[in-house]
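Structure first, commentary second.
Everything numeric here is computed off the predicted structure, so don't read it as measured data. We name chains A, B, ... by the order of the sequence lines, and we start the count at 1 in each one.
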2 protein chains.
Amino acid sequence: MAKSGDRPRAVTESALSTLDFALDRGSPVPLYHQLAQQLEAAIARGVLAPGNLLGNEVDLSVRLGLSRPTVRQAIQSLVDKGLLVRRRGVGTQVVHSRVRRPLELSSLYDDLEAAGQGPTTRVVRHETVPAPAEAAAALGLAGGSEVVLLERLRRTHNQPVALLCNYLPCDLLDLDDARLESTGLYRMMRSAGITLHSARQTVGARSATASEAARLDEKVGAALLTMERTAYDDTGRTVEYATHVYRASRYSFDFQLLVRS
Amino acid sequence: MAKSGDRPRAVTESALSTLDFALDRGSPVPLYHQLAQQLEAAIARGVLAPGNLLGNEVDLSVRLGLSRPTVRQAIQSLVDKGLLVRRRGVGTQVVHSRVRRPLELSSLYDDLEAAGQGPTTRVVRHETVPAPAEAAAALGLAGGSEVVLLERLRRTHNQPVALLCNYLPCDLLDLDDARLESTGLYRMMRSAGITLHSARQTVGARSATASEAARLDEKVGAALLTMERTAYDDTGRTVEYATHVYRASRYSFDFQLLVRS
DNA sequence: CAGTGGTCTAGACCACGTA
DNA sequence: ACGTGGTCTAGACCACTGG
């Protein structure tokens, strides 16, 4: 580190001062976002090491030729991501942990992303049926209303991992089995102009029934991970009620929490 | 879609205009936060019904005697909470869903909050032991280093629900069993000046071992919900590695996701 | 076209932690 | 006492959406 005599200050001061940021005012990408991306990249590259102070916001804004609120907005977005911590009277520093990369939240996304990828999906059932009670309640329909039932079996490495059961409002969108198997449900919703907004999930466990065991290649009574989800679009419509079961031996939910202050 | 009717309606301009907000500039509570709270209350009371437009930000700021950025900050915080949606060229509207109240994230908090409440906790083991491999890895220690092992049994309504097993760095804090049973681990950390920052969790399932079954009052082989967590404080220190098992029949994780745009 | 949110600026004062 | 982030203001222009 620093030769001698000096406080660790000089070191932590800022590797930032040697960095040059390329801000393009002509770009459609907002300035605060450009800055945030470049800061994030610097952190990822290790140029800004954990514990490093960022230097105060006023200087930074002067140096970059931006206003302080803009710089703040960039920094704030990284704070929200958990990459930086602000402390009054101290400064802003790079969070200093082995916290893994943005594995992000949970399975709204990993189902979404995984959909087109490694995993393969087979549509087992796809028909219109009277809604079971829980599905009707979740979708806000009268009991027994017609809904689309979708049952899919998902595998990776040629091993079954999950049995996905979805209930959708009848008139929500056209479902083509082939596209469904290659593209994934959420992607199809998105391209049908449905913007997902929020979802409520319950994760639990239970023992496998005979039919589940058979389809998932487990023993009867084996522990399964269960997930129940109700999803809403940005107009508040309920677009999906789902009950999924996963082989606990081959799947787990994995997420990172940030403590909100 | 829903049954009929109220979709594209050019709805009531704003029930908001009949509301008066009490903003106290003398209060230590930031203005944007006061506004956010009162908006949230109005939504909760139903004064602002789902789908209602909020009216444009400029007018709102004039009417409240605040600057537009301040009003925006208030609105933004509710957007982040999933209560409002903004759409360019349209306006800001109350999200229109049965999305339940802020059951918030997951168990970092519910463990935290539940700690002093209804549930009771009994300390089963509390000693210093050589760290098992996974614990050492998670805590960033050499294999076999000494760590504090804490095992607790949690019950509600006089029924066991979870077996909590925590590994903590030796010098982290003083643990008093009595306080631990009445106060909860996270609260003790907080009052010892440790500020939790983030955690990484993995939720899975497996069958109960004989000893787990005995302590949780389940049958051997019953499905259990498992949770593994590594928690970090705001300096990046790892403050805890935990492996918990829950009776699936009496416990599930329950959380809400917002799709980040 | 008009109206909305999205972004940005250049200042200001305050509250808090650290020294 | 000082320096930090926390809050707030009063404007401005742009980009998108809708009729």
Side-chain N or O of [X] closer than 4.0 Å to phosphate OP1/OP2 of [N]:
X     : N     : value
B/R86 : C/dT4 : no
B/N56 : C/dT4 : yes
A/T92 : D/dG5 : yes
A/R72 : D/dG6 : yes

What pairs with [X] under side-chain hydrogen bond (donor to acceptor under 3.5 Å, both in side chains), at least two apart in sequence or on another chain?
X      : result
B/S27  : none
B/T195 : B/D234
B/Q38  : none

Q | Sidechain-backbone polar pair: A/E240 side chain, A/Y232 backbone, donor-acceptor under 3.5 Å | A | no
Could I get the full list of side chain to side chain contact (heavy atoms under 4.5 Å, CB included) partners for [X], not counting sequence neighbours?
X      : result
A/N56  : A/V58, A/D59
A/A136 : A/A131
B/H33  : B/V29, B/P30, B/Q37

Starting from [atom2] on [N], measure out to [atom1] on [X] and report it in whole angstrom.
X     : N     : atom1 : atom2 : answer
A/Q73 : D/dT7 : CD    : P     : 15 Å
B/L84 : C/dT4 : CG    : P     : 16 Å
B/E57 : C/dT7 : CD    : P     : 11 Å
A/L54 : D/dG3 : CG    : P     : 19 Å
A/Q93 : D/dG3 : CD    : C1'   : 15 Å
A/L60 : D/dT4 : CG    : C1'   : 14 Å

**Q.** Nucleotide-resolved protein contact map, nucleotides 10-19 of chain C, B/S/- at heavy-atom distance under 4.0 Å
**A.** B-B---SSS-
Check residues 66-74 of chain B and write down every donor-acceptor pair under 3.5 Å in which the side-chain atom is one partner and the other belongs to a residue at least two apart or another chain.
residue, atom, partner, partner atom, Å
B/S67, OG, B/T70, OG1, 3.0
B/R68, NE, B/E57, OE1, 3.0
B/R68, NH2, B/E57, OE1, 3.1
B/R72, NH1, B/E57, OE1, 3.3
B/R72, NH1, B/E57, OE2, 3.3

Q | Strand-adjacent residues in residues 22-34 of chain A, judged by heavy atoms under 4.0 Å from DNA chain D | A | none
(Q) Heavy-atom count check: over 12 atoms from other residues, nucleotides or ligands less than 6.0 Å from A/D174 CG? (A) no
